[in-house]
Amino acid sequence: MAAFASFAALSLSLVPEPASFSVNPGVTRWACPVCHSPLAATYDYLPDMVYVPLGVLDQADELPPSLHSHAEQCLSWLHISDDLPRETGSARETLLSVDEHK
């Protein structure tokens, strides 16, 4: 299971500068230049936002989720019991709509 927090690109800085790379068109990822742990990613179809894996954030507990995406692909033994919206696939349209209202 992967969980990410989104941040406005202009409000986030990564120090020291991470290594960036792109494996898939439209996706840029950043990794620690020393250990190569994933640190962040941007997606052309979700402009001006940076997505950070919760596992690298000390304050992850302060960032409650607002939705679940790819719900059809969850592990059979994983049961998340909350009332948050669930997208069966990508939450692209929902995320774009939320970003437009900020």
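Computed from a predicted model, the values in this text were never measured in an experiment.
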inquiry  = The criterion is side-chain contact (heavy atoms from CB on, under 4.5 Å); which residues satisfy it with A40, sequence neighbours excluded?
reply    = L14, W30, V50, V52
inquiry  = Please enumerate all residues that pass side-chain contact (heavy atoms from CB on, under 4.5 Å) together with P33, with sequence neighbours excluded.
reply    = none
Check [X] against [Y] and note the closest heavy-atom contact, atom names and distance.
X	Y	value
P38	P53	O-CG, 4.0 Å
C32	L39	N-CD1, 3.5 Å
A31	P18	O-CB, 3.3 Å

Inter-residue atom distance R29.CZ - S22.OG, 0.5 Å rounding = 8.5 Å
ask   = OG1 of T42 to CG of D48: how many Å apart, nearest 0.5 Å?
value = 10.0 Å
message = Is there a path of hydrophobic side-chain contacts, each under 4.5 Å between heavy atoms of I/L/V/M/F/W/Y residues, joining L12 to L46?
response = no
ask   = Under 4.5 Å between side-chain heavy atoms, hopping through other hydrophobics if needed: is there a path connecting L54 to V56?
value = yes
query = Linking Ile, Leu, Val, Met, Phe, Trp and Tyr through side-chain heavy atoms less than 4.5 Å apart, which residues share a cluster with F21?
reply = V23
ask   = Mind checking what makes ring pair (Phe, Tyr, Trp, His ring centres under 6.0 Å) contact with Y43, not counting sequence neighbours?
value = Y45, Y51
Atom pairs and distances, donor-acceptor, side-chain atoms in residues 62-81, under 3.5 Å, two or more places apart:
from	atom 1	to	atom 2	distance (Å)
H68	NE2	D82	OD1	3.1
H68	NE2	D82	OD2	2.9
H70	ND1	Q73	OE1	3.4

